[in-house]
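Values below: all heavy atoms of this structure, side chains included; hydrogens, waters and symmetry mates excluded. Quick caveat: nothing in here was measured; it's all calculated off a predicted structure.
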Amino acid sequence: MNRIRLGLIAIAVSAVSGMVPSVGQASASKCQAFPKVSVWGDYTHAKVKGIVADRLKGDWDTYLDYLGKRLKLITDAERDGKTLAIQFEGLRCLDSGEELKHYV
């Protein structure tokens, strides 16, 4: 999985993580489903839990810090009127203006 796709996932997980009292105790039954976004693919809570378990040895704090940084990067780009490059199915897409605002 490339860094852009993981960054896009960050937005969804960041939004969902604020809805539960403790990420470590969260279960998919307590969280809303991820939004359907084509660049994310078929993302589920189980897949995100697997990423944290496999890549970060279960360290949710590190993962949430990463998500916060990605979200800030994207929202800052939108706020400053910059263009954001997103890799999707081998193609580089550039989003800016209203497209990026809608994405955020």
Roughly how far, to the nearest 0.5 Å, is [atom2] of [Y] from [atom1] of [X]?
X     : Y     : atom1 : atom2 : answer
Asp76 : Leu84 : CG    : CG    : 11.0 Å
Leu64 : Lys69 : CG    : NZ    : 12.0 Å
Trp60 : Leu67 : CH2   : CG    : 8.5 Å
Tyr66 : Leu56 : OH    : CG    : 10.0 Å

*What residues form a salt bridge (Lys or Arg N to Asp or Glu O under 4.0 Å) with Asp59, not counting sequence neighbours?*
none
*Is the backbone of Phe34 close enough, under 3.5 Å, to the side chain of His45 for a donor and an acceptor to pair up by distance?*
no
*Does any N or O in the side chain of Lys47 come within less than 3.5 Å of the main-chain N or O of Asp42, such that one atom is a donor and the other an acceptor?*
yes
